[in-house]
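Reading through the structure tokens given below for one structure.
Hydrogens, waters and symmetry mates are skipped; everything else that's a heavy atom, side chains included, is used. What you see is a predicted model; the values in this text were computed from it and never measured.
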Amino acid sequence: MTGSLVLLHLAGAVALLLWATHMVRTSVEDAWGDTLRMRLRHTLKNPVLAVAAGGALAVAFQSATAVSLLVASFAGSGIVSGTAGLLAVLGADLGSAFVVKLLSHDLSALVPVAVLTGTVIFLSAERGAWRNFGSILVGIGLMILSLRLIGEASEPLRESRILPVIINYLSGDPITAFLIAAVTTWLFHSSVAFILLIAALAARGLVPAELGVVMVLGANLGGGLVAAGLARAMPPASRAVPFGNLALRGAGAVLALIGLIVVSPPLDALGQTAALQVVHAHIVFNAALVVLGLPLAGVVSRAIEKLFASAGGKPRPALEDREASALDPDALGSPSRALANVSRAVVGMCETVEVMLKTIMELYEDADPARMEALAALDDRVDRKHAAIKLYLAKISTKGMSDDEARRTQELLDGCVKLEQVGDIVVRNMLVHVRKKLDRHLTFTPEGWRELSDLHAMVLANARLAFNVLISRDPETAFQLVQEKDRLRELERQTSQRHFERLREGTAKSIETSAVHLDTIRDLKQINSLLASIAYPVLEEHGLIARTRLRAAE
């Protein structure tokens with residue numbers, strides 16, 4: 001096999017590893033992302049639990065970077081402190097190190113089982129959560145397969161005359177090796193993938209343990225750079241978390257590199273093979289960062305926040321105050337162009353409604369007056385967009401308009417009306433409950449709050465399905481949305497029943513919050529019904545409406 005063909009096979013195996021990692025992460029986010037976000041907001045308030053939660057999420061998402069960006073958004077909105085957020089990210093780094101450890105074992109026997117089971121579940125399941133679970137299994141199988149392919153593709157490199165020269169040079173120049181590893185990890189956008197690659201090469205005897213450990217340190221710096229780079233457009237309060245993590249990881253990696261160069265400690269204690277020494281060095285390094293981070297996270301977080309605050313200068317005008325309108329009046333004479341403009345405008349309306357749905361549940365937990373006013377302002381924005389879209393649709397020329405375009409006009413109008421009604425429910429009903437809860441100093445029981453959070457997470461997931469249906473008119477998504485409505489109805493029934501059971505038991509908090517609890521359930525159910533109704537025109541057009549509620553009622 002020629003050298004170029006070997007490198008091509010190795011590059012293909014690495015690409016499969018990156019794709020499989022991405023597949024697992026996105027499937028977990030789609031299936032349980034909203035529920036995990038709800039749980040995370042509580043846990044991050046405890047520094048020690050923040051570390052554990054960050055580690056658990058990194059295992060679930062297969063990415064410390066994804067956890068870093070998620071926690072950064074919480075810190076930016078004031079849900080968690082910068083210190084707790086930084087500790088969660090350090091825990092995520094340690095969690096990803098354990099992912100590397102798990103995947104470094106020979107799990108090739110699981111490949112056919114994971115891929116076959118995942119494919120069967122994905123193709124046979126109708127519910128989105130099960131389809132995502134199938135994707136996760138397939139992704140895990142592909143990750144394990146890619147590691148085996150990396151080992152097989154790198155086997156001919158043992159015979160290479162050039163590779164030993166490169167390895168010898170990097171072994172004698174650890175600083176260059178460190179920087180190359182950092183840059184490569186940044187290019188991969190995955191420290192897990194890069195360290196697994198180094199471990200696989202070390203297992204084949206192609207990379208010595210000493211060089212592998214140096215590259216592991218560089219990969220940790222590169223992993224911090226990835227999250228910081230992706231967060232550069234975030235507000236300063238959000239950027240403080242990934243940049244604080246970069247400061248700790250970067251400083252720790254540099255100091256550890258200096259220690260390796262100066263002291264040259266024996267690596268035998270890390271494992272019997274070079275591959276184990278590489279993997280265990282990664283775990284030890286991140287565990288040490290967690291231990292050091294517990295007392296230092298507050299200092300680092302405050303320093304980074306002050307740095308961003310001083311560098312920010314005068315606040316710039318908010319871009320959201322200068323909204324660009326997609327409703328071009330010059331396109332009114334062409335129905336197809338005008339409807340495309342309306343679709344663009346509806347996307348913006350959907351995004352605003354999604355922000356409102358996310359924010360309202362956060363306010364139930366932390367009723368910040370400033371954010372409550374901001375939420376009310378968002379409803380005003382939805383009303384303005386609704387009025388503008390309705391007026392624009394009325395002005396579209398009907399001359400030459402096809403039946404499909406006329407039907408699309410009505411769908412967009414009905415969809416906008418429903419979105420505007422959802423905004424009204426959030427502000428005129430649910431925000432009133434938030435104020436009542438704040439004024440009366442009410443607190444939900446842990447069980448009651450968990451039930452409301454689960455119900456809200458399902459409504460939010462269904463909202464995203466409804467937005468997709470409104471824009472794409474995809475019949476499969478529309479059918480899934482109506483099915484999810486039935487599932488939510490059952491969850492709502494169970495939630496109400498459990499609440500009444502707590503009332504019968506005389507639970508004090510349940511009695512105090514009963515009205516707010518039941519009214520919130522009613523509002524979430526009403527919002528879900530409005531959003532689910534967006535699917536009906538699409539199902540009717542494709543003759544699928546009888547497959548859902550009508551046949552179920554027979």
Side-chain angles (χ1 to χ4, degrees), residues 1-28 61-66 96 99-119 122-123 134-167 170 177 180-208 211-212 215-216 218-219 222-223 225-226 230 273-275 278-279 282:
M1 188 181 293
T2 63
S4 58
L5 191 57
V6 170
L7 293 178
L8 180 61
H9 281 226
L10 184 59
V14 172
L16 179 62
L17 175 60
L18 293 172
W19 171 252
T21 304
H22 171 79
M23 184 177 181
V24 173
R25 181 175 68 251
T26 54
S27 297
V28 171
F61 287 135
Q62 303 283 295
S63 171
T65 300
S96 70
V99 170
V100 172
K101 170 64 177 175
L102 176 63
L103 294 176
S104 65
H105 292 290
D106 184 9
L107 303 173
S108 55
L110 295 178
V111 173
V113 177
V115 173
L116 177 61
T117 305
T119 302
F122 181 84
L123 294 177
S135 296
I136 292 169
L137 290 179
V138 173
I140 291 173
L142 293 179
M143 288 176 68
I144 300 170
L145 175 63
S146 67
L147 294 174
R148 189 177 73 188
L149 293 177
I150 287 173
E152 293 174 356
S154 61
E155 190 66 29
L157 293 177
R158 291 174 180 267
E159 316 255 335
S160 172
R161 288 175 293 181
I162 299 176
L163 184 63
V165 176
I166 298 174
I167 296 299
L170 293 178
I180 288 175
V183 172
T184 307
T185 301
W186 179 79
L187 291 173
F188 278 18
H189 269 49
S190 173
S191 60
V192 171
F194 179 74
I195 294 173
L196 284 171
L197 173 61
I198 296 300
L201 296 177
R204 292 296 193 277
L206 299 172
V207 174
L211 176 60
M215 300 191 86
V216 161
L225 288 171
V226 171
L230 293 174
T273 66
V278 167
V279 172
H282 184 43

- Item | From CG (Leu137) to OG1 (Thr117), nearest 0.5 Å | 6.5 Å
- Query: So, for Val138 and Thr119, which heavy atoms are closest and what is the spacing to 0.1 Å?
  - Reply: CG2-N, 3.6 Å
- Item | Exercise: identify the closest heavy-atom pair between Gly223 and Ser191 | CA-CB, 4.5 Å
- Query: About how many Å separate CG of Leu110 and CG of Leu145, when rounded to the nearest 0.5 Å?
  - Reply: 12.0 Å
- Query: Considering all heavy atoms of both residues, which atom of Gly141 and which atom of Val111 are nearest to each other, and what is their separation?
  - Reply: O-CG2, 3.8 Å
- Message: Rounded to the nearest 0.5 Å, what separates atom NE2 in His282 from atom CD1 in Ile198?
- Response: 12.0 Å
- Can you tell which of Ile195, Val279, Ile140, Leu196 makes a side-chain contact (heavy atoms from CB on, under 4.5 Å) with Leu103? Leu196
- Side-chain contact, heavy-atom cut-off 4.5 Å: Leu206 with Ile167? no
- Note on the structure: Rounded to the nearest 0.5 Å, the CG atom of Leu197 sits from the OG atom of Ser146 at a distance of 10.0 Å
- Query: How many angstroms lie between CG in Leu16 and CG in Leu149, if you round to the nearest 0.5 Å?
  - Reply: 6.5 Å
- Message: Could you measure the distance from the CE atom of Met215 to the OG1 atom of Thr185? Nearest 0.5 Å is fine.
- Response: 8.0 Å
- Query: Taking all non-hydrogen atoms of both residues, which atom of Leu211 and which atom of Ala177 are closest, and how far apart?
  - Reply: CD1-CB, 3.5 Å
- Note: Val226 and Trp186 closest approach over all heavy atoms is CG2-CA, 3.7 Å
- Message: Restricting to non-hydrogen atoms, name the atom on Leu142 and the atom on Ala20 that form the minimum distance, rounded to 0.1 Å.
- Response: CB-CB, 3.7 Å
